[in-house]
Amino acid sequence: MSLIVQKYGGTSVANAERIKNVAQRVKRSRDQGHQIVVVVSAMSGVTDNLIRLAREVHGSPDDREMDVLLATGEQTTIALTAMALHAMGTKAVSLTGAQAGIVTDGVHTRAKIANITPRKVHELLDGGHVVIVAGFQGVNESGAITTLGRGGSDLTAIALAAALKADLCEIYTDVDGVYTADPRIVKNACKLDEISYDEMLELASLGAKVMQSRSVEFAKKFKVTFSVRSSMNDNPGTIVKEETRKMEDVVVRGVSVDKNQSKVTIVQVPDRPGVAARIFKAIADAHVNVDMIVQNVSELGLTDMTFTLNKDDLPRARKVIEPLVKEIGAKGFTCTEGIAKLSVVGIGMRSHSGVAAGMFEALAAEKINIQMISTSEIKISVVIDAAGADRAMNVVHGKFGLGK
Ligand code: ASP
Ligand code: MG
């Protein structure tokens, strides 16, 4: 008998029919004698709708109330999934995040899990129930409902798998697994049988929206091996796990694109110690995540500082940068929307050379201009015009022979 955590995303529970399909799959695993914990997202579109509704009543709704509102999406699906299982004669009980013992910090709408005490989950499993837990939510120390940030149900599943020491964690979604590139953009992209945490992390944070990246970080930290697979078929999916020697033989594992980026340049920043610290501390204090940072070689004691960030964070960043520019004595700042970040990822880059050259050649051949470049041990990213992003992705994918 194994303990299995199964997570079903929004499209997998999008309507009554799909919820019954999920229940059928859960029942099948249960009937094989396993203990099953199910984590579900809100039905697809529901969270977006709730956010829209909130904005109709208030321009910038209170974060605490936002969490109370958003948590209802997942609360709907846990109850419906439990009912669907009851209809099939399977014992099942639904639990909210708080009831499942998921305690978070107090940062509303993007809380971090502090600890999980799954006493109730264990009790119910021991009583022969399938336990259905609401994804994406928890409770803070003072008892208020919190949510874990968009896509946070993945995190709930991984964290529960770690806390319960589950034998298996399966992330069910609407794709067959992790691909060498988004198959909607690159028609001949291939499904990967396995991928390391680091590669998955880079791909997830780079916009391959398979999974929320915080959940992959969590899995890496607590060594939770998991699979990403489809809830619509029985294909094996992609296993995400610690890297093995053999994985390094593949130089480029995948190509990804993030079209949700914006670029900010602070112009003519005085080049003296403490200025970068001042800028990025202020931005961090506004809870804005900065991605690529480039500082130019300075000329006459002045330098340009450019960074990228999620485009949704741009209004918040703008608010901090405006007064900051005056304070540090810079000339001004510019914001650019409509950019994309294209990246190639692979742990094999640690031991193979020539990847950057290959990528730049492929882009040059298509006359695609590179605006920024950044590299890490296992990744090369370039910022390009969003309009050419899909074409760029296809040529780079082809260049590294990743297609079928
Ligand atoms: N319902 C939440 C969202 O849409 C959480 C999730 O689906 O994982 O972000
Ligand atoms: Mg989702």
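Just so you know, these numbers use all the heavy atoms, side chains as well, and skip hydrogens, waters and symmetry mates. Counting starts at 1 for both ligands and their atoms, following the listed order.
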Query raised in the report: At a 4.0 Å cut-off, with the gap strictly under it, does some heavy atom of G10 reach an atom of ligand 1?
Result: no
**Report entry** M211, R150, E74: member with heavy atom nearest to atom 5 (C) of ligand 1
**Finding:** E74
Do [X] and [Y] have side-chain atoms, one donor and one acceptor, less than 3.5 Å apart?
X	Y	value
N296	T303	no
Q6	S29	yes
N235	D176	yes

**Report entry** Salt-bridge present (D154, K7; N to O < 4.0 Å)
**Finding:** yes
Requested in this report: Look at D285 together with K281 and state whether they make a salt bridge at an N to O cut-off of under 4.0 Å.
Outcome: yes
Would one find an N or O of [X], backbone or side chain, under 3.5 Å from an N or O of ligand 1?
X	value
T47	yes
G151	yes
D154	no

**Report entry** Proximal atoms of ligand 1 relative to A42 (non-hydrogen, under 4.0 Å)
**Finding:** 1 (N)
